[in-house]
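Residue numbering restarts at 1 for every chain, and letters A, B, ... go by the order of the sequence lines. Only heavy atoms go into these numbers, but all of them, side chains included; no hydrogens, no water, no symmetry mates.
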2 protein chains.
Amino acid sequence: MNSPNPNSPQPDPTSVPPAVVHRLSLYLRELRHRIADGNETTSSSQLGRRLGFTDAQVRKDLAHFGQFGHPGIGYRCNELVDAIRKILGTDREWRVALVGVGNLGRALLGYRGFYQQGFRLAAAFDADPEKVGTKIEGVEIFAIEDLAEVMSTHKIELGLVAVPASEAQAVTDQLVAAGVGGIVNFAPVTVTVPEGVSKVGVDLARELEQVTFAVANRQREQPET
Amino acid sequence: MNSPNPNSPQPDPTSVPPAVVHRLSLYLRELRHRIADGNETTSSSQLGRRLGFTDAQVRKDLAHFGQFGHPGIGYRCNELVDAIRKILGTDREWRVALVGVGNLGRALLGYRGFYQQGFRLAAAFDADPEKVGTKIEGVEIFAIEDLAEVMSTHKIELGLVAVPASEAQAVTDQLVAAGVGGIVNFAPVTVTVPEGVSKVGVDLARELEQVTFAVANRQREQPET
DNA sequence: CATTGTGAACTTATTCACAGCC
DNA sequence: GGCTGTGAATAAGTTCACAATG
């Protein structure tokens with residue numbers, strides 16, 4: 001191990017466990033906070049302690065992708081941030097569309113965290129003709145019928161699905177047909193996507209259920225996924 | 001195995017892996033959809049196929065908590081829904097408070113899925129004096145200074161943290177001091193809670209990062225956590 | 001001398017496969 | 001025949017522990 005050479009392991013990324021990717025983005029977030037606090041370097045044990053993992057876990061996770069540390073020193077925050085962004089693919093901007101401008105959809109349009117991480121909400125869609133043609137948070141709202149065309153002209157790569165459960169699969173199908181690479185589904189239903197399209201589900205009530213289970217069973221705090 | 005007897009295994013719930021609890025709430029959601037579609041029963045293989053797991057996985061997960069199935073028949077949907085709700089602790093109402101009535105906070109106040117699953121948003125808090133005293137979606141907004149008192153008079157058990165990252169730890173501490181059993185943290189920072197309090201983190205940008213990783217590395221669809 | 005990266009040991013989770021049942 | 005529950009087998013993930021290093 002000498003000067004960081006991210007080209008050493010570089011394994012088949014298909015074999016990286018999803019849990020590792022989850023933690024990676026947690027490391028990224030924590031590194032940014034450390035930088036904001038004026039730190040130049042950090043270590044696997046520091047990162048681990050802060051996040052509820054062991055130091056070995058942090059190192060093993062990173063080892064999937066290369067060598068980023070400096071023995072005796074730890075990790076240089078900026079260096080590691082850049083490396084993780086590259087791994088996650090967030091070292092560039094991504095154009096994102098939202099479908100469903102309800103309560104949650106509006107919140108997503110206004111969420112500044114997306115912008116800060118390089119996600120550009122370039123278009124929104126809604127079935128309500130009243131909303132079509134208006135702008136919310138500077139994002140124009142289009143009719144669902146125009147989805148394919150707008151997606152193409154705006155070069156959208158990712159979709160956020162924030163429609164009622166009953167509409168989620170149909171909307172997902174349309175996004176996929178329009179060539180989206182992945183979606184985040186906020187509807188409380190499991191949608192299916194073809195192979196080669198990726199998918200993450202966020203269900204707010206389900207998150208609360210994880211807490212009620214723990215409270216009802218008086219468990220101890222879980223590390224953050 | 002005969003008539004379901006949920007009292008057989010009934011193991012130390014502390015030993016149940018978090019991943020099992022995640023899937024449990026997915027089973028619950030899917031069961032409800034099946035009931036809504038008019039089905040009386042389902043099977044581990046049907047549930048599994050729909051959700052992207054094996055049938056054995058579904059059965060093993062349930063086996064942590066008892067015996068709920070009927071050989072040759074499968075699971076009676078209503079029966080299993082009741083059992084899972086009991087396990088998750090959602091067989092009763094939970095009183096929930098929201099801290100931070102910004103974009104996301106307002107969306108959470110208006111989210112009907114919470115109500116449907118038995119979560120009652122009984123109070124909201126915000127630092128902005130303009131908002132204090134008003135109501136959004138029928139929920140009254142209080143000053144953060146009054147948090148402890150309001151939490152107690154409204155018998156709040158769970159908290160939703162939807163404040164900026166810089167405030168999240170302080171708010172969490174106040175909720176914990178007010179006796180909350182668990183929190184869902186929407187701020188993009190890892191907060192710490194004492195043992196005995198449970199915590200779930202939801203970071204919208206992180207969810208998108210899981211997708212960009214998959215797209216950037218052309219992976220295949222992941223089963224839903 | 002603090003800290004990484006990593007093989008080996010261990011632990012946990014998933015799948016297999018089949019007896020028992022409807 | 002179809003399906004559950006479960007012990008045994010397998011696979012995956014985590015931690016240990018230590019040689020290598022700036």
Residue list, salt bridge (charged side-chain N to carboxylate O under 4.0 Å, His left out) with B:E157, at least two apart or on another chain
B:R92

Tell me the salt bridge (charged side-chain N to carboxylate O under 4.0 Å, His left out) pairs involving residues 43-59 of chain A, sequence neighbours left out?
A:E30-A:R50, A:D55-A:R59

Salt bridge (charged side-chain N to carboxylate O under 4.0 Å, His left out) filter on A:R106, not counting sequence neighbours, yields none

Over how many whole Å does the gap from B:R76 atom CZ to D:dG2 atom P extend?
19 Å

A:D55 CG to C:dT4 C1': how many Å, rounded?
10 Å

For A:Q67 and D:dG22, what is the distance between atoms CD and P respectively, to the nearest whole Å?
11 Å

Measure from CD on B:E79 to C1' on D:dT4 and round the result to the nearest Å.
13 Å

Contacts of B:H154 meeting ring pair (Phe, Tyr, Trp, His ring centres under 6.0 Å) (sequence neighbours excluded), chain-then-number -> B:F142

Salt bridge (charged side-chain N to carboxylate O under 4.0 Å, His left out) involving A:R85 - partner list, sequence neighbours excluded:
none

Anything under 3.5 Å between a donor and an acceptor, one on a side chain of residues 159-170 of chain A, the other on a protein residue two or more places apart or in another chain? List them.
{"from": "A:Q169", "atom 1": "OE1", "to": "A:T192", "atom 2": "N", "distance (Å)": "2.9"}
{"from": "A:Q169", "atom 1": "NE2", "to": "A:D173", "atom 2": "OD1", "distance (Å)": "2.8"}
{"from": "A:Q169", "atom 1": "NE2", "to": "A:T192", "atom 2": "O", "distance (Å)": "3.1"}

Rounded to whole Å, NE2 of B:H70 lies from C1' of C:dG20 at a distance of 16 Å

Atom-to-atom span, CZ of A:F68 to P of C:dT6 - whole angstrom:
11 Å

Going by heavy atoms closer than 4.0 Å, what residues in residues 35-47 of chain B are next to DNA chain D?
B:S43, B:S44

Can you tell which of C:dT6, C:dG20, D:dT6 lies closest to the side chain of A:A63?
C:dT6

Establish, with yes or no, whether the OP1 or OP2 oxygen of D:dG2 is under 4.0 angstrom from a side-chain nitrogen or oxygen of B:Y75.
no

Do B:I84 and B:F68 have side-chain heavy atoms sitting under 4.5 Å apart?
no

Of all the nucleotides listed (D:dT21, D:dG13, C:dA13), which has the minimum atom distance to the side chain of A:P71?
D:dT21

Please report, rounded to the nearest Å, how far the P atom of D:dG5 is from the NE2 atom of B:H64.
14 Å

Under 3.5 Å side-chain donor-acceptor pair for B:Y111 and A:N103
no

Show the distances under 3.5 angstrom between N or O atoms of the protein and N or O atoms of nucleotides 14-17 of chain C.
{"from": "C:dT14", "atom 1": "OP1", "to": "B:R23", "atom 2": "NH1", "distance (Å)": "3.1"}
{"from": "C:dT14", "atom 1": "OP2", "to": "B:R23", "atom 2": "NH2", "distance (Å)": "2.9"}
{"from": "C:dT14", "atom 1": "OP2", "to": "B:Q57", "atom 2": "NE2", "distance (Å)": "3.1"}
{"from": "C:dT15", "atom 1": "OP2", "to": "B:T54", "atom 2": "OG1", "distance (Å)": "3.0"}
{"from": "C:dT15", "atom 1": "O4", "to": "B:K60", "atom 2": "NZ", "distance (Å)": "3.0"}
{"from": "C:dA17", "atom 1": "N6", "to": "B:R59", "atom 2": "NH2", "distance (Å)": "3.3"}

Starting from C1' on D:dT4, measure out to CZ on B:F65 and report it in whole angstrom.
17 Å

Just to verify, what does B:E93 make a salt bridge (charged side-chain N to carboxylate O under 4.0 Å, His left out) with, not counting sequence neighbours?
B:R120

